[in-house]
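Here the structure comes first, spelled out in structure tokens, and everything after it is commentary.
Only heavy atoms go into these numbers, but all of them, side chains included; no hydrogens, no water, no symmetry mates. Treat the numbers as computed from the prediction; the structure is a model and nothing was measured. We name chains A, B, ... by the order of the sequence lines, and we start the count at 1 in each one.
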Amino acid sequence: MILKPEFYHRKNVVQIAKDLLGKFLVTNHDGEYTSGMIVETEAYAGAIDKASHAFGNRRTARTEIMYGVGGKAYVYLCYGIHHLFNVVTNEAEIPHAVLIRAVEPVDGIDIMLHRRKKEKLAPALSAGPGALSEALAIYTKDTGLDLSEKSSLLYIEDRGIKIPKSQIVADTRVGVAYAKEDAYLPYRFYIKDNKYVSKGKGLKLPA
DNA sequence: CGTTGGATCTTCT
DNA sequence: GAAGATCCAACGC
């Protein structure tokens, strides 16, 4: 069943990041039905998180959607090339978000292979935030779509899979070294031993 | 294997 | 003008 708005409205963005593991991200653009199981996420704690685009309550046209109510998509362009998909959480005016970093392909694998210009199924198909967005055809124009609304053609659903706590690994986030001390926060979560977790490495804690 | 650099948009200096 | 929540092809060992 599709995740309800209440799932996203909760205040603990770290808990939501963990809860999203094992859920299914679905897109249905132009009648092409594709989905993947979420296997890797990162929490971004808004105004107090130096790694967040909304640190210090910074508002730009790009980040405005994060100041809206939770349960919407925040998609932005990274390095001018890659579309990164995030889930906005919490209440209005609190710019929390969860970055989806990797999914395991489930439905429409042939369509995803075609979009990624690949021949055979391999982790590179959807391991990594830019790769997964291309595989599922998620673009910046999808920012603002309601993830609780099936007709939005971009939504997240629960198919009854529960990831045991023992299978969830917490680690530092990838590519946020500029965030100084916040780069060491254990805000990245992934499913242990899953092949589709990205190869990205966060900073190691100082000795 | 590991490392390097190109692609080229948004935002801030 | 520079750097970033990235990816991958092209190199050198």
Exercise. Which part of the nucleic acid, if any, lies within contact of A:G130, taking any heavy atom under 4.0 Å across all strands shown: a base, the sugar-phosphate backbone alone, or nothing?
Worked result: sugar-phosphate

Exercise. Starting at the 5' end of DNA chain B, what dot-bracket string do you get if Watson-Crick and G-U pairs under 3.5 Å are bracketed, crossing pairs use [ ], other-strand pairs use | and unpaired bases use dots?
Worked result: |||||||.||||.

Exercise. Between atom OH of A:Y190 and atom OG1 of A:T41, what is the distance when rounded to the nearest 0.5 Å?
Worked result: 11.5 Å

Seminar exercise, completed: Closest non-hydrogen contact found for A:Y184 with A:T172 is O-CG2, 3.5 Å

Exercise. Say you pick atom C1' in C:dC8 and the same atom in B:dT10; how far apart are they, in whole Å?
Worked result: 23 Å

Problem set entry | A:K120, NZ atom: more than 12 neighbouring heavy atoms under 6.0 Å | no

For this session: Starting at atom CZ of A:R188, determine the distance to atom C1' of C:dT6, rounded to an integer number of angstrom.
Result: 14 Å

Exercise. Over how many whole Å does the gap from A:L84 atom CG to B:dC9 atom C1' extend?
Worked result: 13 Å

Seminar exercise, completed: note: A:K118, atom NZ; C:dC7, atom P; distance rounded to Å ~ 11 Å

For this session: Quickly work out the A:Y79 OH to B:dG5 C1' distance and round it to whole Å.
Result: 13 Å

Problem set entry | Separation of A:N86 CG from A:M66 CE (nearest 0.5 Å) | 7.0 Å

For this session: Report the distance from atom CZ of A:R58 to atom C1' of B:dT11, rounded to the nearest whole Å.
Result: 7 Å

Exercise. Whole Å only: how far is the OH atom of A:Y76 from the P atom of B:dT10?
Worked result: 13 Å

Exercise. Are the charged groups of A:K4 and A:E157 less than 4.0 angstrom apart, N to O?
Worked result: no

For this session: Flag yes if more than 12 heavy atoms outside A:Y187 fall under 6.0 Å of its OH atom; otherwise flag no.
Result: no

Problem set entry | For atom CZ of A:R59 and atom C1' of B:dC12, their distance in whole Å | 18 Å

Exercise. Tell me: NE2 of A:H53 to P of B:dC12, nearest whole Å?
Worked result: 10 Å

For this session: Go through C:dC7, B:dT11, B:dA7 for me and flag the one nearest to the A:I81 side chain.
Result: B:dA7

Exercise. For A:R101 and C:dT6, is the shortest distance between a side-chain N/O and OP1 or OP2 below 4.0 Å?
Worked result: yes

Problem set entry | Upstream residue (5' side of DNA chain C) when A:V174 and A:E134 are each assigned their closest nucleotide | A:V174

Seminar exercise, completed: Testing B:dT11, B:dC9, C:dT6 for proximity to the side chain of A:L77, the answer is B:dC9

For this session: Describe the nucleic acid contact of A:A51 in one word from base, sugar-phosphate, nothing, applying a heavy-atom distance below 4.0 Å.
Result: base

Exercise. Closest to the A:C78 side chain: C:dC7, B:dT10, C:dT6?
Worked result: C:dT6

Exercise. A:R62 near the nucleic acid: base, sugar-phosphate alone, or nothing, with a heavy-atom cut-off under 4.0 Å?
Worked result: sugar-phosphate

For this session: Would you check if the distance from the ring center of A:H96 to the ring center of A:Y44 is below 6.0 Å?
Result: no

